[in-house]
There are 2 protein chains.
Amino acid sequence: MLKEERFQIILDQLGHEQKVYLGHLSTLLNVSEDTVRRDIKELADQGLLKSVRGGAVPHSPGPHHFRDRIKYDNDQKQIIAKKALQFLKDGQVVIFDGGTSAMLIAQMLPKDLKLTVITNSFPIVSILEEHEHVEVLFAGGRLLKDSFVTIGNDAIQFFKKFRADICLLGICSIHADLGVTGPDFEESEVKRTMIESSKEVIALATTEKLGTAEAYYVCRTERLSVIVTDKESDNEEFDIYRKLGISLV
Amino acid sequence: MLKEERFQIILDQLGHEQKVYLGHLSTLLNVSEDTVRRDIKELADQGLLKSVRGGAVPHSPGPHHFRDRIKYDNDQKQIIAKKALQFLKDGQVVIFDGGTSAMLIAQMLPKDLKLTVITNSFPIVSILEEHEHVEVLFAGGRLLKDSFVTIGNDAIQFFKKFRADICLLGICSIHADLGVTGPDFEESEVKRTMIESSKEVIALATTEKLGTAEAYYVCRTERLSVIVTDKESDNEEFDIYRKLGISLV
DNA sequence: TTTAATATTGCAAAATATTGCACAATACAT
DNA sequence: ATGTATTGTGCAATATTTTGCAATATTAAA
């Protein structure tokens with residue numbers, strides 16, 4: 001097997017997963033772990049991935065300090081992202097929220113999927129840049145430097161112009177009675193508009209966020225069409241949301 | 001068998017497969033591995049495939065990452081960027097155009113300079129992210145993937161909202177009579193609006209762009225306050241612009 | 001801390017590349 | 001045709017790269 005073939009396979013893996021393990025690759029490629037390590041090092045030097053202890057993670061071309069916020073060793077969001085992918089179909093218009101969950105979905109997006117993506121997140125743009133069949137519409141506004149999205153009235157007015165098929169909404173807190181809430185006023189304002197401009201809202205939430213609430217209101221729980229979590233959907237603690245007509249995945 | 005026949009067969013193989021092996025080709029073409037190696041080398045020189053140890057893989061054009069492209073243009077534009085810095089003062093509102101020249105200025109910007117930057121360029125945002133004292137206002141719109149800016153009506157309407165002190169304008173062509181012109185209609189539209197929204201326009205132009213013209217009109221030459229070039233300003237070919245009241249740097 | 005997992009380094013064997021060269025095939029001029 | 005230059009080919013000697021292994025160092029976790 002050519003070295004280039006191994007490179008290709010490793011990079012392919014990172015297109016789908018958010019991490020690859022030395023041991024796994026070693027058996028998959030039929031070479032020693034040392035060789036895999038050296039391959040990874042070489043790819044890392046080319047900036048095509050990031051070498052980490054025990055394996056490798058994708059090199060996100062986005063702003064550096066944003067990348068650090070992603071916890072790669074935490075599989076929860078990756079599970080969520082993978083589950084959420086099933087809802088995206090060719091030709092849809094999709095609003096991507098600025099959180100890390102939506103970002104992971106963008107990273108896993110098949111390269112041949114044809115979408116129109118509307119977003120206010122810079123990292124998402126830098127990921128989708130490589131997707132030939134994705135048209136990107138970006139919401140202007142004031143740059144919020146710590147989360148790398150635009151906010152403010154301009155962003156809000158931008159989203160109001162659309163009627164998207166789906167909104168992928170990263171969730172801070174969901175409470176059956178109190179609805180969806182977030183910790184930042186302006187971001188919550190923008191999220192509210194994203195939701196208003198979409199037919200269906202798919203909430204991306206790790207289970208520990210269920211049943212909690214924060215200061216700023218985003219939307220009623222019933223507005224969500226689907227809640228994608230990292231746990232099995234037959235969990236009994238989800239029943240309360242099912243009663244509201246929301247499907248859980 | 002003709003050498004050209006072998007070339008054709010090798011390239012055909014790479015059309016179907018993602019790789020070819022020396023050994024395989026050697027038996028297939030009935031020549032020694034050395035010859036195959038030489039064939040591959042020749043094809044690689046023509047850029048038709050990529051030679052790798054043990055065989056060859058299709059030549060991937062590779063996504064020309066916008067940020068990388070900067071390294072090539074450097075020499076002249078760096079001079080320009082350095083000269084242009086003198087015009088930026090604390091507290092100003094500055095529109096940054098999407099070209100590489102403006103990008104270099106952003107990269108050289110002192111970290112303690114206090115500015116409000118308005119732009120439609122993603123690379124500029126990712127540079128200025130690290131500048132604590134720079135507030136960034138970003139123009140939304142449709143993403144133009146090859147130059148990494150937003151364009152379209154949304155971008156135009158965004159710029160119309162401001163009255164900036166300075167517009168840093170990357171120039172495609174300047175002609176004393178025909179004015180400033182560019183090769184892309186939509187980008188030129190946006191540039192026009194940037195100019196309308198600024199008190200002063202500082203043009204960033206390598207000298208070979210002076211005296212040339214392209215298809216799409218941007219603005220009259222007299223609208224420029226300053227032209228920053230890579231040559232000494234006492235050059236006689238600049239006189240024609242001085243007569244129009246433009247300072248050359 | 002101790003312990004287990006992972007990384008790094010040096011090294012030798014195997015695979016592959018490069019080089020120089022002899023010779024064959026072809027082209028090209030006379 | 002004939003000789004000559006040019007190019008293409010295979011072979012062998014040599015150089016380089018790749019790879020796996022083992023010894024050692026480093027890191028993360030208990």
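When reading the values below, keep in mind they use all heavy atoms of this one structure, side chains included, and skip hydrogens, waters and symmetry mates. None of the values given here were measured: they were computed from a predicted structure. In the text below, chain A, chain B and the rest are named by the order of the sequence lines, each starting its count at 1.
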- [ ] Assign the ring pair A:Phe122 / A:Phe138 to parallel, tilted or perpendicular, where the plane angle (0 to 90°) is split at 30° and 60°.
- [x] tilted

Taken to the nearest whole Å, NE2/A:His24 to P/C:dA5 is 19 Å

Under 3.5 Å: donor-acceptor pair, side chain of A:Lys83, backbone of A:Gln78: no

Between CD1 of A:Ile40 and P of D:dT19 the distance, given in whole Å, is 13 Å

Check your understanding: Does the C:dA15 base have a donor-acceptor partner in the side chain of B:Arg53 within less than 3.5 Å?
Key -> yes

To the nearest angstrom, the CZ-C1' distance between B:Arg37 and D:dT16 comes to 12 Å

query: Is a side-chain donor or acceptor of A:Asp90 paired with a backbone partner of A:Lys114 at a separation under 3.5 angstrom?
result: yes

Self-check item: Residues B:Arg53, A:Glu4: salt bridge by 4.0 Å N-O rule
Solution: no

D:dG10 base / B:Arg38 side chain donor-acceptor hit below 3.5 Å: yes

Per nearest nucleotide of DNA chain C, the residue lying toward the 5' end, A:Val52 or B:Gly55, is A:Val52

Whole-Å distance, B:Leu22 CG to C:dA17 C1', equals 9 Å

B:Lys41 NZ to C:dA17 P, in whole Å, measures 13 Å

Item to check | pair B:Leu11-B:Leu49: side-chain heavy atoms closer than 4.5 Å | outcome: yes

- Would you classify B:Val36 as touching base, sugar-phosphate or nothing, given that sugar-phosphate means primed atoms plus P, OP1 and OP2, and contacts are heavy atoms under 4.0 Å? nothing

| message | Is there a side-chain contact between B:Thr35 and the phosphate of D:dG10, meaning an N or O under 4.0 Å from OP1 or OP2? | response | yes

From CD of A:Glu33 across to P of D:dT19 the rounded distance in Å is 15 Å

- Phosphate oxygens OP1/OP2 of D:dT9: is one of them under 4.0 Å from a side-chain N or O of B:Arg6? yes

B:Phe7 CZ to D:dT9 C1', in whole Å, measures 13 Å

Side-chain contact check for B:Lys3: nearest option of D:dT19, D:dT9, D:dT16 is D:dT9

When rounded to whole Å, the CG to C1' distance for the pair B:Leu29 and D:dG8 reads 15 Å

